[in-house]
Novice: 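Below you will find the structure I want to go over with you.
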Number of protein chains: 2
Amino acid sequence: MNATAASLLGLLDLGGGDLTAGELVRVAEQRIGSFWTLTRSQVHRELAALERDGHVEPGPAGPRDARPVRLTARGRAAYREWLTERLPAETTRVPVLLAVALGAVLEPQALRDVLERSAAGHRDRLAAYRALDAQLAALPGGEPWARATLAYGVHHEEAVLRWFATLPEHVRPPDAGTPRPRAEPPAEGPERQA
Amino acid sequence: MNATAASLLGLLDLGGGDLTAGELVRVAEQRIGSFWTLTRSQVHRELAALERDGHVEPGPAGPRDARPVRLTARGRAAYREWLTERLPAETTRVPVLLAVALGAVLEPQALRDVLERSAAGHRDRLAAYRALDAQLAALPGGEPWARATLAYGVHHEEAVLRWFATLPEHVRPPDAGTPRPRAEPPAEGPERQA
DNA sequence: AAGGCCATGTAACAAGTTACATGATTAA
DNA sequence: TTAATCATGTAACTTGTTACATGGCCTT
């Protein structure tokens, strides 16, 4: 049982019915978006292993050789055990930090350009998360868990943007704000949309 | 040129002199810590490729078959080009978010345990970052770039801890604080755009 | 001087990414 | 009916991880 396999079983559990590889990819994208990458190739490979181990069983075949799978009781127990007992720590690679760590040997202007592009991406993502959250909030059930997941993204992006503002002035990207002032009314509403 | 190779060249540049694979791993751990994972196996593999491509050249051999390498002019240009022109976006897998996304089908108690353990890890890391930052601040040069890197970690961990406090009460880990009162800790971000 | 310890390099394995061939659906 | 498009599965490749054998270093 690995992280990818466990996540697939969990999504099957959440989905309720039979899902194909493509559907799983879509559900993952929708449910955990940019915080849990999954490619179709991975899904196919893991699904094959999961079926071999009895964690999923094939459902009725669909068009295009699409093979929906269904979670088995064994599979449900396996992923839950993994989730509660073997959940690994978060691992990250933050490319922009590499640039910052090398700040002593880089041209300030080059570093500043890198930071500016990175900051723009974070601003865009923050805006996208907020927009999506507004959509979810309007839905009947309120989608509390999807919104909780999104909230992580919002908190993270806000934190990163605040961090940009703390960088030395000669490399700080424009529009990153300034280190100190956190008093003024933050423009909560519609910002420059991506 | 890939991210791992580029980071090795950058660290060689920063280090100044000849470094062995093991030294590179140590420098990476010290400089970008938990935001840039590197294993010795990767370093050996990449170093072989880098030497083949003329990005590094072998220095005087040391004990235990240790083979220090030195950055070449070609290597310096290559990693800088990558850093400023091809820096990839951040990719993350946040296991705890998987649990949250599956909140609808998990036992609340199980989810709460998972969250509590995750929160504990984040608290520990935040404390460690702060302690390390205090050490760096006391150093002669002040280590501005190392501290800037660390600051990212501090901001990130603070944000995650704040996020925990926003989760539904019946799964919120103890010691996570409460959603509303944001008196003391860094508050709503001043991510002013324009 | 000897034995445990630790760092080195190597190799096998697992996971993630990219590119491609095929077949179904849709629109003209 | 035909052509374009899109989703599917497969394969090849790259990157990351884990486990292991060896040899210098340090302590006793």
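We use all heavy atoms of the structure for the numbers below, so side chains are in, but hydrogens, waters and symmetry mates are not.
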Novice: Calculate the interatomic distance between A:Leu38 atom CG and C:dT17 atom P; express it in whole Å.
Specialist: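 These atoms are roughly 9 Å apart.
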Novice: Any side-chain N or O of A:Arg45 under 4.0 Å from OP1/OP2 of D:dA12?
Specialist: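 Negative; the distance criterion is not met.
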Novice: Can you tell me how far CZ of B:Arg80 sits from CG of A:Leu102, rounded to the nearest 0.5 angstrom?
Specialist: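 That separation rounds to 9.0 Å.
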Novice: Can a donor-acceptor pair under 3.5 Å be found between the side-chain atoms of B:Thr39 and the base atoms of D:dT18?
Specialist: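 For B:Thr39, whose side chain was compared with the base of D:dT18, there is no donor-acceptor pair (under 3.5 Å).
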Novice: Rounded to whole angstrom units, what separation is found between the CG atom of A:Leu47 and the P atom of C:dA15?
Specialist: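 That distance rounds to 14 Å.
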Novice: If only side-chain N and O atoms count, and only distance matters, is there a donor-acceptor pair under 3.5 Å linking A:Thr4 with B:Arg93?
Specialist: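 Yes, because at least one side-chain N or O of B:Arg93 sits under 3.5 Å from a partner of the opposite role on A:Thr4.
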Novice: Out of curiosity, A:Trp145 CH2 to A:Thr149 OG1, how far, rounded to the nearest 0.5 Å?
Specialist: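 The distance works out to 9.0 Å.
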Novice: Check whether the side chain of B:Thr20 and the base of C:dT8 form a donor-acceptor pair under 3.5 Å.
Specialist: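 Looking at the base of C:dT8, it does not pair with any donor or acceptor on the side chain of B:Thr20 (distance under 3.5 Å).
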Novice: What is the nucleic acid contact for B:Thr4, judged by heavy atoms within less than 4.0 Å: base, sugar-phosphate only, or nothing?
Specialist: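 Sugar-phosphate only.
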Novice: Can you tell which of C:dG9, C:dG16, C:dT10 lies closest to the side chain of B:Arg93?
Specialist: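 The answer is C:dG16, which lies nearest to the side chain.
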Novice: Base, sugar-phosphate, or nothing: which does B:Ala3 touch, judged by heavy atoms less than 4.0 Å apart?
Specialist: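 It contacts nothing in the nucleic acid.
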Novice: The side chain of B:Glu46 is closest to which nucleotide in this list: D:dT17, C:dG9, D:dT15?
Specialist: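 Closest nucleotide to the B:Glu46 side chain: D:dT15.
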Novice: With a 4.5 Å limit on heavy-atom distance, are the side chains of B:Leu24 and B:Leu47 in contact?
Specialist: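 Result yes, sub-4.5 Å side-chain heavy-atom pair found.
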Novice: Using a cut-off of less than 4.0 Å, is there contact between a side-chain N or O of B:Asn2 and OP1 or OP2 of D:dT15?
Specialist: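 Indeed, a polar side-chain atom of B:Asn2 lies that close.
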Novice: Hey, which of these two, B:Thr91 or B:Ala21, hits DNA chain C nearer its 5' end, going by closest nucleotide?
Specialist: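 Looking at DNA chain C, the more 5' nearest nucleotide goes with B:Ala21.
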Novice: How close or far is atom P of D:dA7 from atom CZ of A:Arg40, stated in whole angstroms?
Specialist: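 My rounded result for the distance is 9 Å.
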Novice: I need the CD-P distance between A:Glu23 and D:dG9, as an integer number of Å.
Specialist: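 My rounded result for the distance is 10 Å.
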Novice: How long is the span from the NE2 atom in A:His122 to the CZ atom in A:Phe164, to the nearest 0.5 Å?
Specialist: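 It is 5.0 Å, given to the nearest 0.5 Å.
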Novice: State whether B:Arg26 places a side-chain N or O below 4.0 Å from either non-bridging phosphate oxygen (OP1 or OP2) of C:dA7.
Specialist: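 No.
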Novice: Give the rounded distance in Å between these two atoms: NE2 of A:His44 and P of C:dA19.
Specialist: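 Going from A:His44 (NE2) to C:dA19 (P), I get 18 Å.
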Novice: Does D:dT10 have OP1 or OP2 sitting under 4.0 Å from an N or O in the side chain of A:Arg67?
Specialist: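 Answer yes for this pair, as a side-chain N or O of A:Arg67 is under 4.0 Å from OP1 or OP2.
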Novice: What's the CG-P distance between B:Leu24 and C:dA7, to the nearest Å?
Specialist: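 About 16 Å, once rounded to whole Å.
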Novice: Just the rounded figure in Å: distance from P of C:dA14 to CG of A:Asp53.
Specialist: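 To the nearest whole Å, that distance equals 12 Å.
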Novice: Looking at B:Gln42, does any N or O in its side chain come under 4.0 Å of the phosphate oxygens OP1/OP2 on D:dT15?
Specialist: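 No, B:Gln42 has no side-chain N/O under 4.0 Å of OP1/OP2 on D:dT15.
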